[in-house]
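Just so it is clear: chains get the letters A, B, ... in the order the sequence lines come, proteins before strands, and each one is counted from 1.
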Amino acid sequence: MQKLELISLQKRYGDTLALKRADVTAKAGEVVAICGENGAGKSTLMSLLAGSRQPTAGEIKIDGKPVAIDSPHTAFDLGIRTVYQELSLLPDVSVAENLYLGELPTTRFGTIDWVRLHREASEHLEDLGLTGIDVRKMTGSYPVAIQQMIEIARAIQFEPKLLILDEPTGVLTQTESDLLFKQIDRLRDQGTIIFYISHRLEEVLELADRLIVLKDGETVDQFFRGDCSKDRLIHSMVGRSFEAIFPQRGASEDQEMLAVRDLHAPGVDGVSFSANRGEILGIGGLVGAGRSEVLRAIFGAAPRLAGEVLVNGHVISGKTPAAAMDAGVGFVTEERKRDGLALDTDVLENTGLASMSRVMTGPFLNGPKQKQLVREQIRDLDIRPPKLGQVLRRMSGGNQQKVILGKWLLMDGLQVLLLDEPTRGVDIATKIQIYRLIAELAADGMTVVLVSSEMPELIGLSHRILVMKDGKITGEIAGDEATEKEIFRLATEDANEDDKEQAA
Amino acid sequence: MSDAAVDKQIATSGTSQEKRQPMSQSAKTNLFFGMALVALIVIAAFTSDAFLTERNLTNVARQMVTTGFLAIGMYVVVRSGGIDLSVGSTVAFAAVLVSGLQGVVPLPVAIAAALGVGVLVGLINGILIAYLRLQPFIVTLAMMGAVRGAVFVYSETPTYASDTFFLKVLGAGKIFGVVPVPFAIFLLVIPIVWVFMNHTRSGRAIMTIGMNPETVRLAGINVRAKVTLAYVICGFFAALAGVLLAARLGISQPSVGVAYELDAIAAVVIGGGILGGGGGTVGGMFGGVIALAVIDNVLNLFNVQSYYQQILKGLIILVAVLVRRKPEN
């Protein structure tokens, strides 16, 4: 593949135009970054190339000849491989089988040649620098980062001519990212065209030979290596400059709203803290430190083994989400697709879910009233597309997140809002909107407890930051004095002391 | 510590939490079920003089064949993420047809026609489910009724087998004078199905489709064709069960096979199968078939009324599912 041309590609779902007009040209050995906000049409564009969707208009040309990529299988035959944003491996199948799914080697009897499969799979992973993986073991027994590398290994094993990487580094550690970048360099030297999608703009600017900016389903800009800065790229993507991301912190009031006393729950080992009206309380720490578990236990989504939770001075006696909601607590969960949304139902249904009691007339749901309330949320939160009947699955991550926030904001008597990774997988523009929203809510007297793995977010928004490790709170820092180093020190401190003791 | 190093450490320590061992729990339950089955047989042997007699064991073997073949087909379909409720009707069609055609056409043609009907029913099921994306439950429920109707259209009265080879060898024959022929065929088919499902591309495709069809589709596998294949296999084995049933009984009622799909589903589920795909082994399914047959037999030996048998079977299925229930996180 010397030249790939996408000419006026368009994709329509029903009456939604997911991709209006995409024009991209790429030459052999080029890394092409596709930049844009969530909902700009990146994933749609990639699915057209991967053959999992077909364009409604426009043309794809390879070396000047038009091609129809009408199925994933056709894409394979053309040498097009895709690494999807969400893990598409089968957890209960061996690493080797996942690697060669669809191309399992067979013996002359037509049965699968497991010996050869395992040998080739091992060799392939070692070639990539991934050592210490038993390819016979279940894929699900490996950490997510390793699984992602296995996924990448699967895509590049047959030396693709076009490799599509959709947010490949989202779950990777630095070590694995470096392995990936090495492979990208190698493939580039061999003449592979690489389409690279990432929210990490620094990464994109460093890797890409060509940067294509998608906005509202159209390709609006093209830059080449070195002639683009981060600020210019953001400006092109969002349509405005990236300044003052984090709004001013308002003053919190001196009235205790949430108190947690000696909380014990699975993964939580005696946690006590309190938060005032109008305060944004951040909780930092490593993954697995027990941050999400604290939120889940407060909300009653996980069993509370001991300890108590008080809202506005009153103990929450029940241990169910219903009891927490009665007390005025709302909870935006970490994994919106798993437990935050009903993906196959619409905006009205999802947004109205936590506020049924507000719209009851006797025993009946007052439909018009509910619609009115949800419409207000759609407008206030700038949910797009602004339609009550929009199915969630077809919305961008950022807009899905807004629907969840809208759901809780509609709840009667909401006083405490628990947020677990509220901007994960959300584009920059929506992130800024969510930051503003959180700050405004707090300024209006809402108590917010924020768990985030994004340090700048934690530091930029919180009045106060608690740091957790192994289910315990290891320290507290004021928001305006917090640094990433300090948080990290507290998040790992005990381990370091243990090391010292062992050494001594 | 530099900021980059900090980031790195944050990231690495984060991922180590995700480890899990997906198989150990189900391996334990499989062992439990195997032991329960052995215990059942031992108890049966000690409490009833009749159980361990050759005549009784041959009976058990004969009787498990129909459920056995249906369970094989059902296993394949369940692993693909579906279900097939039409197998009982297919049994009837194949049985009535293979007997009714005897004397009209040569025996091999009659058998081929009966098996062909099974394949055809499976093909229709598969196409409706895989290509037109209708729900398996609904499609096969509709086929269950339609095929049953077709049986009565073909013959409202029982048909009788007349071919000597069919009756004396396929139906009543014994290998080495001990093993009933239908049971021997069943024993032969089990390892073939095991190899097919676990060690061929098509089989692995069906297994993985039941885990996540989209992943498999994106790996370039023709998911629709493989799902259709699963239903064709199921239809084929249902017809084979019908043919062998006709050979054993000699008389084929058009009403035969009602509710047979339930025993087949029960055997698959007792063996660890998960409706919706993603669980169960051929060995487990085989164990489930044996367990159901032994339970039926023991209850018969003790003259337990069939109503109580049904209640007990229902309980056993519930217990099987309860024991295999995944612990909540």
Side-chain angles (χ1 to χ4, degrees), chain A residues 50-52 71-77 82 84 87-93 97-98 100-104 106-107 109-114 137-147 154 171-177 266 285-289 302 453 455 484-485 487-489 491-492 495, chain B residues 1-27 79 192 194-205 207-226 274 277-280 326-329:
Chain A
S52 55
S71 74
H73 201 263
T74 313
F76 271 37
D77 290 344
T82 310
Y84 294 93
L87 285 179
S88 67
L89 298 173
L90 301 162
D92 292 334
V93 151
E97 189 171 353
N98 262 310
Y100 289 83
L101 195 67
E103 279 127 329
L104 296 171
T106 51
T107 63
F109 305 111
T111 57
I112 290 160
D113 191 341
W114 296 106
K137 269 179 71 177
M138 294 295 152
T139 309
S141 66
Y142 285 101
V144 177
I146 299 290
Q147 290 189 39
R154 178 166 97 185
V171 297
L172 295 186
T173 67
Q174 196 59 48
T175 325
E176 285 123 13
S177 294
L286 308 180
V287 175
S453 295
M455 294 272 201
E484 297 197 14
K485 270 186 196 170
I487 293 173
F488 181 75
R489 192 185 62 76
T492 54
Chain B
M1 204 182 290
S2 78
D3 282 350
V6 166
D7 282 346
K8 182 178 163 182
Q9 216 164 329
I10 290 173
T12 32
S13 43
T15 49
S16 64
Q17 303 289 331
E18 322 272 347
K19 284 188 186 170
R20 68 194 181 97
Q21 297 288 328
M23 288 312 287
S24 63
Q25 181 66 26
S26 78
R79 290 269 14 188
I192 294 174
W194 180 79
V195 169
F196 170 76
M197 288 301 276
N198 292 290
H199 298 286
T200 69
R201 282 188 180 185
S202 291
R204 295 306 301 179
M207 299 267 246
T208 45
I209 286 167
M211 299 176 188
N212 187 343
E214 184 64 5
T215 296
V216 178
R217 185 178 83 96
L218 294 177
I221 291 171
N222 188 340
V223 169
R224 291 169 173 184
K226 299 300 178 194
I274 297 169
K326 281 195 178 137
E328 284 179 58
N329 325 317

Item to check | Most contacts with chain B, counted as non-hydrogen pairs under 4.5 angstrom, among A:Pro266, A:Ser52, A:Ala75 | outcome: A:Ser52
Checklist outcome for this item: Given A:Ala302, A:Pro72, A:Gly110, A:Ser177, the one with more heavy-atom pairs under 4.5 angstrom with chain B than any other is A:Pro72
Heavy-atom pair of closest approach, residues [X] and [Y]:
{"X": "A:His73", "Y": "B:Gly220", "value": "CD2-O, 2.6 Å"}
{"X": "B:Arg201", "Y": "A:Glu103", "value": "NH2-C, 4.0 Å"}
{"X": "B:Thr208", "Y": "A:Glu97", "value": "CG2-OE2, 4.1 Å"}

Item to check | Top contributor to chain A interface from B:Met211, B:Glu214, B:Arg217 [non-hydrogen pairs under 4.5 Å] | outcome: B:Arg217
Checklist entry - Any idea which of B:Asn212, B:Thr200, B:Leu218 has the most non-hydrogen atom pairs under 4.5 angstrom with chain A? => result B:Leu218
Next on the checklist: With a 4.5 Å cut-off on side-chain heavy atoms, are A:Leu101 and B:Ile221 touching?
Outcome noted: yes
Item to check | Heavy-atom side-chain contact between A:Val93 and B:Met207 under 4.5 Å | outcome: no
Next on the checklist: So for B:Asn198, is it side chain, backbone, both, or neither that comes closer than 4.5 Å to the heavy atoms of chain A?
Outcome noted: backbone
Checklist outcome for this item: So, the part of A:Phe109 with a heavy atom under 4.5 Å from chain B: the answer is neither
Item to check | Polar side-chain atom of B:Thr215 near backbone of A:Ser88 as donor-acceptor pair, under 3.5 Å | outcome: yes
Checklist entry - How many angstroms lie between atom NE2 of B:His199 and atom OG1 of A:Thr107, to the nearest 0.5 angstrom? => result 10.5 Å
